[in-house]
Each structure stands twice: as C-alpha cells, then as structure tokens.
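Just below is one structure, and these are the notes that go with it.
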Protein chains: 2
Amino acid sequence: MRSVERKTKANLEDIARVAGVSKMTVSRVLRGGSGFSDDTRARVRRIAEDMGYVPNRLAAAFALDQASTLVGMCVPRLTSGLFGHVLDGVDRALSRLGFQVMIGSNNHSAEEEEAWVRQIVAWRPSGVILSGRNHTAGTVDLLRNAGMPVVEIWELTTSPIDMAVGFSHFDCGVEIGQFVIRRGRRRAGFVGALSRSDVMGQARLQGFEAALARAGHPLADREVLHDSPGFYPGYYGLETLLARRPDLDVVYFHNDEMAIGGLAYCQSRGIRVPDDLGIVGWGGMEAASVLPRRLTTTVVPTTAIGKAAAEALVARLKGEPCQDVTVVPTRLVPGETA
Amino acid sequence: MRSVERKTKANLEDIARVAGVSKMTVSRVLRGGSGFSDDTRARVRRIAEDMGYVPNRLAAAFALDQASTLVGMCVPRLTSGLFGHVLDGVDRALSRLGFQVMIGSNNHSAEEEEAWVRQIVAWRPSGVILSGRNHTAGTVDLLRNAGMPVVEIWELTTSPIDMAVGFSHFDCGVEIGQFVIRRGRRRAGFVGALSRSDVMGQARLQGFEAALARAGHPLADREVLHDSPGFYPGYYGLETLLARRPDLDVVYFHNDEMAIGGLAYCQSRGIRVPDDLGIVGWGGMEAASVLPRRLTTTVVPTTAIGKAAAEALVARLKGEPCQDVTVVPTRLVPGETA
DNA sequence: TGCGTCAGGTTTACCGGTAACGTAGCTTAA
DNA sequence: TTAAGCTACGTTACCGGTAAACCTGACGCA
C-alpha cells in the first residue's frame, strides 16, 4: 500500500462493492448505458450519490487516448476587453457541450505561445484555439504532430494550421484609409503600441498606409509607443505626435482604448473633434459608442468569432464537414469623430 | 491490440527501447532527476527530442493522485473588464509556476457555479478559485470533500470555505455614501442591474443606503434593470430614474461602465456634472480616469487580487503558512463628477 | 430434447506514468 | 579481507477508468 493516508474519495470499485456488482457495470450505469435491470440502475445510482462519487476524468481521459473534453485557448492579452468577449463566446459554446477551457496568454509573443502550446498539448486536449497566424515552427510542428483540431482566430490566414476564423486586419486599415480620404482628410497620422510584436495591429497600419498612398496622400507621421495599448498611451501618444506634426487632420489609433485616450487629450487641449482633428479607433468597444461623440471605428464581432471558433472545433471533432477558413466580417461605424 | 490505427506519439517506453534503458530511467532523466551517467542523460534527452516526445500529463497526474497542476477559476462574467484583469493576475502568477488555468463563468448564479465545480473537481485540480461568497451547499460539500485549496475572491467572507482574498462591497457603498454626504448631496439615487443575482452589487447598494440613512438623508430612489451592467443600461437607467425623480442631486451606479453611460446621458441632455448632478461609479475602469471629467469611483486592485489569490493557493499547496483571509484594500478616487 | 437468443451482467487487458524497492558492480575504510 | 556504501540503473505494482470479449441462466421454439 503506497499511500499512508486513507483515501477519502469513493471510486467505481467502492460503489461496485457496496452495490454487489462489478465496477464495469457501475461505469456503464453512470454513463447512461443500457443492458441492466431498472433495479440495478437505480441501486447503483443511489449508492454513487450517497457515497458522493466524483468521477475521475483524469483516469477516463487517460484510458481513452482520444477525447478529453479539454480545449486550450491562447489570447494575446487577457486584459483586453475584446478578447474577454471572444473568450466568453468560446466558453459559452464549449461549456454547454461539456468541454473545459484552459486559457493562456502570450503577450503577442510567438515564443510565449509555443511555451504555452507545449504545456497544453501534454494534457492531450480535444483541440486548441490560437490567436493570430504568427506562430513559431515549433508550435506548428507540435500541433500538427498532435493531430488535434486547431482553430486560429482573429486574423485570417489563407493557409491555416488546420482551421481559421476571423477577418483581415489589413483590410480594416484599408477601409479606414479610404474612409478618411473620402471625408476629405489629407494629412493622416497613426498612434500605436507594441509595434514589434503585435503583427495584427501592424497589418492594420499597413492597410491604412496602403490606402492613403494609393489616394496620393501618404501617411504623414506615426507615433508608436513601447507600451501596451491603453488609454494613457493613446493620450500621450497623440500629444507627442501633434507636437511634431500640429497640422495633422486625422489620426488613426491602434484601437478604441487608445482612441478614447486621444479624444480625452483633444478635450483637454480644446482641440475640436472632428472639426480640427479626426479621430478613428478600432475594435468596437462598447464604451466607444456612448461617448459624447460616437467614435468612428471598426466594430469586430468578438463573441461571434469565439462562437464560430468553438463550433468549427466541435464540428471537426465530430467528423462533420466544416470549412477551413471562416470569414467573420467587421463593420466600419462612421461615428462622429471623423 | 485495441487501437487499429498506429499510434503516432512516442512514449517513455519507446524512448527507453531506443536508448537501451528502462522506461523508469527515461522518466527520471526527463524530469531532471539524478543518479545516472552523463552519457545516459544526454542520450535519453537527445532521443526524446528526436522522437518528438510530448509527455502525457494526463497519465502523470493520474498516476499521482496528488498535484495535477490544473487550477480552476470561475468568474461571474468573462466580458467584464475587471475580471479580465483578475484573470490576468491569476494566470500570470500560476502559469509562471507551471500551472494551467481552467476557466468558467457562472453569470452570477450559484447553481451554474455548482455545475461548473462539479465538472472541474472531476479533473482533480490542484485548487479552485471562485468569485464571491455565495455558493450552494452542494458546491461547498463538493469542495470540502475534495480537500483541495479553495480561494474565494472579490467579496470577503469571514468564514471562507478555505481561503478568501478580497474586500467588502458593503464598505465600498458605505464609503461612497459618506463621501456624497460630505460633498453636500442630499437626494441620492442608485442605478443598478441584475439585482437578484449579483449579491455583491447589492451589498454595495446596501452599504450606500446604510450610510445615507445614518446621515439622515436616505436613498431617494433606485432604478434596477434586469440586464447585464453595461453602458446602455447606465444611459437608459439614468433616464428612467430622472424621469421619476428630476430632483436627485447624485446618482451611484452599479459600476463604472454604467456610470459612463449615465455621464453620456447627462451630456446629451445638457445636465451639468457635477453641478446639476453628481455621478459616482464603482470598479476603477481605466477608461473612467481619462474621461473629460475624471469619474468619481472606487478603484479595485483587480490584478493584485488575482495575484494574491494565486499566491495563497500555491502557499497552501506547498504547505506554507498562509492567512485564511486576505484583505486587499480598495481606494475611493474623488474624481470630478461628484 | 437440444439449440439459439437475449438480457444482464463479469472478466481481462490495457492506457502511460510514477514511487518504492531491488540489485549488480565497484569503491572504500576498518 | 570484508562488510558497508555508493552509483547507476532495473522491476514491480499500482492509479481509476474503459472497450472488447466473454459468461450465464432463462426462455422460446423446432
């Protein structure tokens, strides 16, 4: 006997002993199988209940090298309001079906993501949901080799590891670029954050720049802070940018949080929005829509993305047909700040 | 041989065979044990690497009925910005130590929480973190019986299931009540949401009412919406409340999101804040601090709570001494809206 | 009477890892 | 010289659940 301390929890064998049947019978009864009398079923159920039986999913998942009902999900930052909604969409859809979601965050770093994937794969999950399409070779190897469903969300990719659900960040930038040109803006700036690692934010900037250049009014200046994209970086980023280029007539921000910071700066300096300066965000924070002036931004269907990712994953698990790439359209909301 | 399809993944035995040692030696080498030659160590490590060995934590956790490095965490809503920060605090602290966090949300329902706990306990996690102190008897039984560390966060309780980290919501309300009285407000209202289930929001209201009553200026009116606490409910909640009681001179909101909605309503109707009406929130959203007028609110140290909860859990796991109840103080930020 | 069938089970053989204990060969100190 | 000790491993016996195969008595039926 290895463990000295008495075991506190009943297992199938304990129930079997008390019920006078084999542990296999108990297992099948508790999993709702058929092939035993009503009396046996009732007795086993009652005894399991009385003994406070808690199934051991570790043992079950281990016994069946397949299906563990564990799903891993990794996002860049847990503190982002947008990802909170994505997470919520995933969790609602999956928990309803009996899955458990294991989370992780990678701070926009592909290396941190790989470290997370390495841990998670060891738990033999049913599937994995990643954010973005920027992964290390090690991550891709690990996941392909594991042979489990993988859904890459948020940024689309034409060649997903397995499946992808999202939209094009580049196109978001293009759309905003075209929009500000149509509104007559000619000297555009950009305020962003974490340029090196946030590939998706960079893609938006590139799309924005491309559209402006095509229209003959290239990006005038940019200010990219080495900080996480929040309200204060937006505030001070705009301050810095305008100090260099007071003549800008519109500024595109990394996201809504930063744009709201920028709006606050304008308010504090008496800069009239959108008359003196246009402000554009990205993401579609709920807050952005009830500001004194409704923020011009791109609304991202966060919850829908989470839900679609979960559904794609489950469809693949069930062997149902499902498309590899699901495009979830974003929506430009004109607002009143540009 | 049960499985027809060839197994794709190498296990300890496969490595052992190739390396010409026993699987126990492989297990010990890979876990960094000692008691073998440098040659053996290097050979086993290289072969494991070459074969793309991914440890099976399911099997390891199952073998040792103890320590699974899985930790469950359940919050009321994943979409709340505040809980995103708590989650981040927990995840950062735990993932650094090699734990995996399994999430869940209960929508402020003790029954949903119990259903979640029932699922999670079956995975034999190292510990569980819950939000609030309102649990079903079944939840408490399940957790006590499982004998694992449990941390209740957010709302303090004097008799935790195991440990608690948080603050008193009632006291937050009292503090705000006393504050508005000191500022000369005499006709206070409240706008909230989800009254039945959000016990913590209710506690803040009760504290607020108690302080007002004690000062001789009891709460004049309240508007509680059956909706989740967001910007729009704040906007329309204030509209409804002021339609009934145009004479209010201050309104306490369920949280900052609702308060910002309320501010937006004031702005749209030309109600001067704080001259005509004081607005007070709760939570300390980052957004609230860069609004045109800094919101009067209670700042909650979200990340610190998550971190403290994780640390308490780990301390208990290690058998280190740790206090059962950790008070993490909130801070009233006067702001400019009341 | 003999045999097939079916309900209602039981038995067996793992899943992949780990703790506890065992052991061969060599060194070392009394 | 010899027992004790150390090094570097190997062996055994599980952990709790599950699939697959096997068993058994009762009944129907030719």
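Per chain, numbering begins at 1; letters A, B, ... match sequence-line order. Not measured: the values here are computed from a predicted model.
- Remark: A:Glu114 engages A:Arg118 in a salt bridge, criterion side-chain N to carboxylate O under 4.0 Å.
- Phosphate proximity of D:dA8 to B:Thr40: absent, as no side-chain N or O sits under 4.0 Å from OP1 or OP2.
- The side chain of A:Tyr53 contributes an N or O atom lying less than 4.0 Å from OP1 or OP2 of D:dG17.
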* To do: Would you sort out whether A:Tyr53 and A:Val26 count as a side chain to side chain contact (heavy atoms under 4.5 Å, CB included), showing the intermediate values?
  => CA-CA 11 Å; A:Tyr53 173 69; A:Val26 177; over 6 Å; no

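- Checking B:Leu12 against A:Gly35, the closest nucleotide of DNA chain C that is more toward the 5' end is the one next to A:Gly35.
- An OP1 or OP2 oxygen of D:dC9 is reached within less than 4.0 angstrom by a side-chain nitrogen or oxygen of B:Ser37.
- Listed nucleotides D:dG17, D:dG10, D:dT18 differ in distance to A:Arg31; the shortest reach to its side chain belongs to D:dT18.
- For B:Arg41 and D:dT7, the shortest distance from a side-chain N or O to OP1 or OP2 is not below 4.0 Å.
- A salt bridge links A:Asp324 to A:Arg316: at least one charged side-chain nitrogen sits closer than 4.0 Å to a carboxylate oxygen.
- Nearest nucleotide to the B:Asn11 side chain, out of C:dT18, C:dG16, C:dT10: C:dG16.
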* Show the numbers, then the answer: is there a side chain to side chain contact (heavy atoms under 4.5 Å, CB included) between A:Met73 and A:Leu87? => CA-CA 8 Å; A:Met73 167 152 187; A:Leu87 207 54; 3.7 Å; yes

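- With DNA chain C read from its 5' end, the first of the two nearest nucleotides for A:Phe36 and B:Glu13 is the one closest to A:Phe36.
- For the pair B:Thr158/B:Val325, no side-chain contact is recorded, criterion being any heavy-atom separation below 4.5 Å from C-beta on.
- With C:dG17, D:dG17, D:dC9 as the choices, the nucleotide that has an atom nearest any side-chain atom of A:Ala59 turns out to be D:dG17.
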* To do: Would you check, one step at a time, whether the test side chain to side chain contact (heavy atoms under 4.5 Å, CB included) holds for A:Leu130 with A:Glu113?
  => CA-CA 9 Å; A:Leu130 301 178; A:Glu113 182 184 76; 4.0 Å; yes

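- Salt bridge B:Arg77/A:Asp88: absent, no basic N to carboxylate O contact under 4.0 Å.
- Counting only Watson-Crick and G-U wobble pairs whose two key distances fall under 3.5 Å, DNA chain C forms stems of three or more stacked pairs at C:1-30 with D:1-30.
- B:Arg28 contributes a side-chain N or O that forms a donor-acceptor pair with the base of D:dG10 under 3.5 Å.
- Nearest to the side chain of B:Met24, among C:dG17, D:dT11, C:dG9, sits D:dT11.
- In this structure, the nucleotide among C:dA19, C:dG17, D:dG10 sitting nearest to the side chain of B:Thr25 is D:dG10.
- OP1 or OP2 of C:dT18 has at least one side-chain nitrogen or oxygen of B:Ser27 nearer than 4.0 Å.
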